[in-house]
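For the numbers below, each heavy atom of this structure counts, side chains included, while hydrogens, waters and symmetry mates do not.
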Amino acid sequence: MQGTVATFDAQSRSGTLLLDDGSELSFPTAAFEASGLRLLRLGQRLTISAGPDGTVTKVELPGIR
């Protein structure tokens, strides 16, 4: 699943994504920290990994693994 960064708080290291279907999805600090990224910018495209319960477990740049 992919989305675009709608908000990102650099202090809490969490934010929200705007998914392709128009819905918003929040990601927690742990999902950002699992990415290995240092910063996100608004409008940046991300790939989302989710656990079996649907919670976001990792956000990462598309095509980079």
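A donor-acceptor distance shorter than 3.5 angstrom exists from the side chain of Thr29 to the backbone of Ser12, with no hydrogens or angles considered.
Of all the heavy atoms in Arg13 and Arg38, the pair that sits closest is NH1-O, 4.1 Å. Between Pro28 and Ser14, the shortest heavy-atom contact is C-CB, 4.0 Å. Here the closest heavy-atom approach between residue Phe27 and residue Leu40 is recorded as CZ-CD1, 3.7 Å. Of all heavy-atom pairs between Pro62 and Thr47, the closest is CA-OG1, 3.4 Å.
Looking at Thr16 and Val5, their side chains never come closer than 4.5 Å, going by heavy atoms from C-beta outward. Side-chain contact between Thr4 and Leu46 is absent, with no heavy-atom pair separated by less than 4.5 Å.
Clustering ILVMFWY residues whenever any of their side-chain heavy atoms sit less than 4.5 angstrom apart, transitively, puts Leu61 in the very cluster that holds Val56. Under the 4.5 Å side-chain heavy-atom criterion for grouping Ile, Leu, Val, Met, Phe, Trp and Tyr, Leu18 is not connected to Leu25 through any hydrophobic cluster.
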Derivation of the side chain to side chain contact (heavy atoms under 4.5 Å, CB included) call for Ile48 and Leu19: CA-CA 10 Å; Ile48 303 132; Leu19 301 180; 3.6 Å; yes
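Residues passing the salt bridge (charged side-chain N to carboxylate O under 4.0 Å, His left out) test with Asp21: none are found, sequence neighbours excluded.
Ring geometry for Phe32 versus Phe8: interplanar angle of 30 to 60°, hence tilted.
Side chains of Thr57 and Ser49: a donor-acceptor N/O pair is absent below 3.5 angstrom, by distance only.
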